Peer 1: 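Let me give you the structure first, and then I'll get to my questions.
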Amino acid sequence: KMIFPEIGNIVNPYRNSPTSVGDIIRDVCVKNNITLAQLKGETRISKVCQARWEAWSRIHEELGFSSRQIARRFNRDCSTVRHGLRKNAK
């Protein structure tokens with residue numbers, strides 16, 4: 001059963017990792033005690049932004065998704081995702 005059916009269990013076939021986008025998002029939401037709506041929403045609350053950046057970084061690093069692919073999934077501009085990736089790397 002998928003906890004976040006709107007995200008899906010998308011797995012990058014080019015990586016040797018069982019992790020999916022849905023798994024990463026679920027882990028980040030649970031770890032940071034936030035909802036999926038908050039993570040995917042427009043809020044600029046620091047705690048939520050940092051969780052969003054963490055999710056984007058994990059999706060990028062663990063699944064090999066590009067910033068453009070992540071942006072499409074989160075309904076964001078790819079420059080916003082790149083900014084989040086840079087902020088999370090600090």
Side-chain angles (χ1 to χ4, degrees):
K1 176 182 172 188
M2 281 193 272
I3 292 181
F4 300 123
E6 59 274 7
I7 302 273
N9 273 338
I10 298 163
V11 177
N12 186 335
Y14 303 107
R15 296 282 176 135
N16 293 328
S17 173
T19 305
S20 69
V21 172
D23 291 337
I24 290 171
I25 290 172
R26 182 175 38 259
D27 289 348
V28 170
C29 285
V30 169
K31 175 184 168 191
N32 293 284
N33 195 31
I34 61 173
T35 66
L36 174 63
Q38 289 174 311
L39 189 75
K40 291 192 75 178
E42 298 295 322
T43 186
R44 297 172 92 183
I45 296 170
S46 179
K47 173 185 171 180
V48 177
C49 287
Q50 290 174 0
R52 192 179 296 132
W53 299 338
E54 177 186 348
W56 293 349
S57 293
R58 286 189 57 195
I59 292 167
H60 177 70
E61 293 167 10
E62 294 175 27
L63 302 179
F65 280 45
S66 69
S67 57
R68 183 162 290 163
Q69 291 170 313
I70 296 167
R72 273 191 230 118
R73 187 110 31 244
F74 282 82
N75 197 27
R76 296 281 200 273
D77 186 82
C78 63
S79 64
T80 302
V81 173
R82 284 194 300 270
H83 172 76
L85 293 173
R86 283 192 306 273
K87 290 290 277 187
N88 195 63
K90 291 182 180 183

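Note that this is a predicted model, so its numbers are computed, not measured.
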Peer 1: Got R52 and T43 here, is their nearest side-chain heavy-atom distance under 4.5 Å?
Peer 2: yes
Peer 1: What distance separates L63 CG from I24 CD1, expressed to the nearest 0.5 Å?
Peer 2: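 Between atom CG of L63 and atom CD1 of I24 there are 4.0 Å.
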Peer 1: Would you call I45 and Q38 a side-chain contact if the rule is heavy atoms closer than 4.5 Å?
Peer 2: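 Counting from C-beta outward, I45 and Q38 never come under 4.5 Å.
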Peer 1: What's the separation between atom OG in S57 and atom NZ in K87, rounded to the nearest 0.5 Å?
Peer 2: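 So the gap between those two atoms works out to 12.0 Å.
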Peer 1: Taking N32 for the side chain and V28 for the main chain, is one N or O donor matched with an acceptor at less than 3.5 Å?
Peer 2: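 Yes, N32 side chain to V28 backbone: donor-acceptor pair under 3.5 Å.
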Peer 1: Heavy-atom distance under 4.5 Å between the side chains of N33 and K47, does that happen here?
Peer 2: yes
Peer 1: If I take atom CD from residue Q69 and atom OG from residue S67, how far apart are they, to the nearest 0.5 angstrom?
Peer 2: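 Output value for this atom pair is 9.0 Å.
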Peer 1: Look up atom CG in D77 and atom CZ in R72, then write down how far apart they are to the nearest 0.5 Å.
Peer 2: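 D77 atom CG to R72 atom CZ measures 12.0 Å (nearest 0.5 Å).
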Peer 1: To the nearest 0.5 Å, tell me how far I70 CD1 sits from R76 CZ.
Peer 2: 12.5 Å
Peer 1: Going from OG on S79 to CZ on R68, what distance comes out if it is rounded to the nearest 0.5 angstrom?
Peer 2: 10.5 Å
Peer 1: Apply side chain to side chain contact (heavy atoms under 4.5 Å, CB included) to D27 and R58, showing your working.
Peer 2: CA-CA 10 Å; D27 289 348; R58 286 189 57 195; 3.6 Å; yes
Peer 1: Determine whether F74 and T80 make a side-chain contact, defined as any pair of heavy atoms from C-beta on separated by less than 4.5 Å.
Peer 2: no
Peer 1: Given 3.5 Å as the limit, does a donor-acceptor pair link the side chain of D23 with the main chain of S20, or not?
Peer 2: yes
